[in-house]
Amino acid sequence: MRFETLLIANRGEIALRVMRSARRLGLRCVAVYSEADRGAPYVRAADAAVCIGPASAAESYLSIERILDACRRTAAQAVHPGYGFLSENPHFARACGEAGIVFVGPPVKAIIAMANKSAAKRRMQAAGVTCIPGYSGEAQSDARLADEAQRIGYPLMIKAADGGGGRGMRRVGCRDEFAAALASARTESEQAFGSCEVLLERSLDGARHVEVQVMADAHGHVVHLGERDCSVQRRHQKVIEESPSPAVDARLRARLGELAVTAARAIGYVGAGTVECLLDSSGESYFMEMNTRLQVEHPVTELATGFDLVELQLRIAQDEALPFAQDDVELRGHAIEARLYAEDPAQGFLPQTGTLERWRVAQGVRVDAGVEQGTRVTPYYDPMLAKIIAHGATRDEARTRLVAALRDTCALGVVTNRDFLIACLTHPEFVAGKAGTGFIAAHRGALIAAAPQESDFLRAALICYIFGPRAVRGAHPAVGVLSQTIELECEGLRRSVRIRREAAALWINIESGEPMPAAIRDGEIEIGGVSVAVAHAFTGGILWLQAGGAVRRFSDVTLAARASGAAGEPLLRSPLAGRVAAILAGPGEAVKKGQSVVVIESMKMENHVAAGVSGVVSEILVRVGMQVAPGARLAVIDPQQAAQA
């Protein structure tokens with residue numbers, strides 16, 4: 001069926017990415033948005049846009065009825081689901097077909113065949129595809145699963161059978177950990193996917209996560225477009241992807257491609273899909289699952305092959321045959337993608353909220369972003385800000401281009417993982433192409449270690465405070481004073497910086513160090529005769545400063561009272577904005593320091609808030625389903641009762 005109007009049932013960079021290819025094909029593009037996304041860049045870029053509900057994804061982007069109503073109101077003849085949300089929902093695909101709307105994706109039967117990981121593994125085993133040893137049976141009692149875990153051996157993985165994106169997934173190191181991990185995985189799976197069914201798999205520690213892109217048309221043609229290496233992950237979610245994989249040679253590539261094509265043919269697949277595999281240390285490959293949609297990391301395949309995957313999707317949905325055969329597919333050079341998230345690596349990669357006060361992306365690389373300067377990052381959706389993708393003739397050329405692009409990217413006003421990504425890309429193990437799925441866990445300390453507070457940073461921060469926005473400048477006690485000591489705090493450490501004026505000159509010294517001349521110009525600070533390019537923004541009393549390719553946050557604590565609180569905090573506060581997903585201990589219950597008391601769900605992630613002291617819960621100040629802000633009071637723990645017990 002030919003169509004002229006395409007509705008994109010997604011948001012942010014996903015919607016913008018689909019629009020780019022759709023417009024090249026001459027299609028009219030319709031956007032849908034929640035109240036939280038009103039005025040977002042993708043909404044303004046569309047030919048038409050429809051509000052489909054409040055900020056809650058369940059009441060907007062996951063509402064089949066509202067999206068189909070938007071199709072009727074805009075005369076959309078086709079729907080592209082993007083990735084995430086309803087992209088792998090067979091009920092949505094079926095509803096589109098029943099409404100006479102083209103679903104730009106695989107047939108319903110193919111989605112169903114791979115929707116449940118346990119059923120998918122059984123189907124793949126029947127087709128002769130090698131799967132990771134484990135248990136994917138229908139018997140789901142705790143006792144049966146514990147027995148199967150013992151048979152498989154530890155360490156092992158518990159995975160939500162109906163899930164994805166790392167939700168409902170737990171690694172279990174020994175038998176004593178199994179019961180608690182199973183309960184936690186079931187709870188998260190039930191809340192995220194409406195099912196508590198799980199499967200068990202042997203944990204292939206040190207393995208590589210490699211996935212193969214397949215494309216299939218409705219005329220019986222199925223090809224693969226090479227592999228992507230997605231081994232660098234945190235919280236079971238990918239952060240860096242590349243194509244081709246440094247662990248795959250031509251022979252293994254052919255074997256993986258054959259596995260992927262066999263899997264696609266076994267379920268009558270049509271469209272873009274991804275077969276995910278694990279490679280163990282011996283080079284043996286195992287089927288994990290198939291994602292029946294376009295993947296977040298598809299740009300690296302596009303840059304490495306030259307094919308526009310979204311365009312191919314749209315052409316296949318209009319019953320066109322693939323315009324090339326397997327022998328026409330050639331990998332040219334190397335591409336690497338880094339996902340820039342609003343998250344704090346030093347705090348367990350907690351999602352962050354805030355406003356992008358300064359936003360600048362690098363030139364010379366591909367940037368897929370759904371934000372702009374002034375965008376408010378909310379707790380309702382995935383915290384990814386942008387994907388930055390570099391291509392080069394060699395892997396090292398692509399890697400160095402990506403590092404340079406990240407250093408030139410400016411995202412101030414919200415904590416991001418930018419510096420963490422740079423640390424990953426420059427780590428010797430990644431440079432050597434040897435990073436497996438345990439890379440971040442093995443090197444976490446080195447990757448997220450706070451860089452030293454260089455003197456130049458402190459001097460630059462002081463200059464920004466003195467000569468920053470009028471509101472700040474007018475309120476600062478150093479303005480108009482010939483000599484003044486100012487105390488700045490960065491990442492929990494306080495340093496004294498002294499400023500001295502002599503006629504038109506400005507001299508700065510750090511504590512007892514030697515004074516150095518300093519000056520400020522537009523976008524540049526000169527210290528000791530050396531110019532440093534800087535970008536800065538003030539928000540909420542915080543100075544965000546980017547200089548020399550790194551970012552720091554400073555607070556002026558010159559007039560602040562010195563706090564002297566207890567080491568253990570009996571009041572539990574939320575570390576981030578989100579929804580209360582679970583309360584794990586009630587009033588009167590004894591808890592130990594470090595024990596989870598409240599679970600906050602934010603940006604598709606569950607975050608456990610643990611007790612700061614041992615004691616007895618005296619009050620729970622929130623309820624399940626309640627939205628909370630950063631720093632919100634969650635519970636009170638009485639440490640005295642623990643002492644009396």
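What you see below is based on every heavy atom in this structure, not just the backbone, and it leaves out hydrogens, waters and symmetry mates.
Here E601 pairs with R167 in a salt bridge; the nearest charged N to carboxylate O distance falls below 4.0 Å. Salt bridge K238/E276: present, at least one basic N to carboxylate O contact under 4.0 Å. The pair E241-R228 does not count as a salt bridge, with every side-chain nitrogen at least 4.0 angstrom from each carboxylate oxygen. Using a cutoff of 4.0 Å between basic side-chain nitrogens and carboxylate oxygens, E343 and R235 are not scored as salt-bridged. Look at R339 and E297 and you find a salt bridge, because one of the NZ, NE, NH1 or NH2 atoms lies within 4.0 Å of a carboxylate O, short of that distance. Of the charged side-chain nitrogens involved, at least one lies within less than 4.0 Å of a carboxylate oxygen, so that E188 and R170 count as a salt-bridged pair.
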Check the pair L16, D368 against side-chain contact (heavy atoms from CB on, under 4.5 Å), reporting the backbone distance first and the verdict last.
CA-CA 8 Å; L16 286 169; D368 287 7; over 6 Å; no
Derivation of the side-chain contact (heavy atoms from CB on, under 4.5 Å) call for V580 and I600
CA-CA 5 Å; V580 178; I600 304 296; 3.9 Å; yes
Residue pair S34, Y381: steps toward the side chain to side chain donor-acceptor pair (under 3.5 Å) verdict:
CA-CA 11 Å; S34 73; Y381 314 114; 2.5 Å; yes
Begin with the C-alpha distance, continue with both residues' side-chain angles, and end with the deciding distance and a verdict on side-chain contact (heavy atoms from CB on, under 4.5 Å) for E201 and K117.
CA-CA 11 Å; E201 289 179 346; K117 289 186 175 67; over 6 Å; no
As a quick check of understanding, evaluate side-chain contact (heavy atoms from CB on, under 4.5 Å) for L356 and Q373, giving each step before the final call.
CA-CA 5 Å; L356 280 171; Q373 189 159 302; 5.8 Å; no
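Looking at S184, its side chain never comes within 3.5 Å of a backbone N or O of A180 through a donor-acceptor pair. Not a single donor-acceptor pair under 3.5 Å links the side chain of E211 to the backbone N or O of H209. In this structure a side-chain-to-backbone donor-acceptor pair under 3.5 Å is present from R418 to R407. In this structure, R186 contributes its side chain and C196 its backbone to a donor-acceptor pair below 3.5 Å. Of the possible donor and acceptor atoms, one in the side chain of S189 sits under 3.5 Å from a partner among the backbone N and O of S195. Not a single donor-acceptor pair under 3.5 Å links the side chain of S136 to the backbone N or O of L199. Between the side chain of R358 and the main chain of H536, a donor-acceptor pair closer than 3.5 Å is present. Checked by atom type and distance alone, the side chain of R38 never pairs as donor or acceptor with a backbone atom of Y33 at under 3.5 Å. Here the side chain of E177 pairs a donor or acceptor atom with the backbone of G173 at under 3.5 angstrom. A side-chain donor-acceptor contact under 3.5 Å links T426 to the backbone of I422.
Side-chain atoms of K159 and M288, non-hydrogen and from C-beta on, do get closer than 4.5 Å to each other. Looking at heavy atoms from C-beta onward, H608 lies in side-chain contact with L584 at the 4.5 angstrom threshold. K387 places a side-chain heavy atom less than 4.5 Å from the side chain of P299. No side-chain heavy atom of I14 sits less than 4.5 Å from a side-chain heavy atom of F85. Side-chain contact between V232 and I440: present, with at least one pair of heavy atoms (C-beta onward) separated by less than 4.5 Å. L634 has its side chain out of reach of V597: every pair of non-hydrogen atoms, C-beta onward, lies at least 4.5 Å apart. Taking 4.5 Å as the limit, every side-chain heavy atom of Q295 sits out of range of all side-chain heavy atoms of Y83. Within the 4.5 Å cutoff, the side chain of D37 has no heavy atoms near those of the Y380 side chain.
Here I158 contributes atom CD1 and F178 contributes atom CZ; the two are 4.5 Å apart, rounded to the nearest 0.5 Å. Separation of atoms CD1 (I388) and CG (L406) is listed at 4.5 Å; rounding is to 0.5 Å. Atom OG of S60 sits about 9.0 Å away from atom CZ of R11, to the nearest 0.5 Å. Atom OG1 of T409 and atom CH2 of W359 lie 6.5 Å apart (nearest 0.5 Å). Here the CD1 atom belonging to I152 is positioned 11.0 Å from the CD1 atom belonging to I132, to the nearest 0.5 angstrom. In this structure, the separation between OG on S574 and CZ on R633 is 13.0 Å, given to the nearest 0.5 Å.
D229 and R208 make their closest contact through OD2-NH2, 2.9 Å (heavy atoms, listed as atom of the first residue, atom of the second, distance). Closest heavy-atom contact between V32 and I8: CG2-O, 3.6 Å. Taking both residues in full, the closest heavy atoms of V367 and A386 are given as CG1-CB, 4.3 Å, listed atom of the first, atom of the second, then distance. Minimum interatomic distance between P90 and E88 (heavy atoms only, all atoms of both residues): CD-O, 3.3 Å. Considering every non-hydrogen atom in both G374 and T355, the closest pair reads O-CG2, 3.7 Å. Residues V43 and A49 approach most closely at CG1-CB, 3.7 Å, considering heavy atoms.
Among residues two or more places apart in sequence or in another chain, the ring-ring contact (aromatic ring centres under 6.0 Å, His included) test is passed with Y135 by none. Residues forming a salt bridge (Lys or Arg N to Asp or Glu O under 4.0 Å) with R376 (at least two apart in sequence, or on another chain): none. Partners of A423 under the side chain to side chain contact (heavy atoms under 4.5 Å, CB included) rule, at least two apart in sequence or in another chain, are L447. Judged as a salt bridge (Lys or Arg N to Asp or Glu O under 4.0 Å), and not counting sequence neighbours, the contacts of R144 are E148.
Using bins of under 30°, 30° to 60° and over 60° for the plane-to-plane angle, the ring pair F439/F430 lands in the tilted bin.
Counting non-hydrogen atoms of other residues, nucleotides and ligands closer than 6.0 Å to CZ of R360 gives a total above 12.
For residues 614-627, no pair satisfies salt bridge (charged side-chain N to carboxylate O under 4.0 Å, His left out), with sequence neighbours left out. Listed by first then second residue, pairs satisfying salt bridge (charged side-chain N to carboxylate O under 4.0 Å, His left out) with a partner in residues 344-356 number zero, not counting sequence neighbours.
Ring centroids of Y341 and F349 are separated by 6.0 Å or more, keeping the two rings apart.
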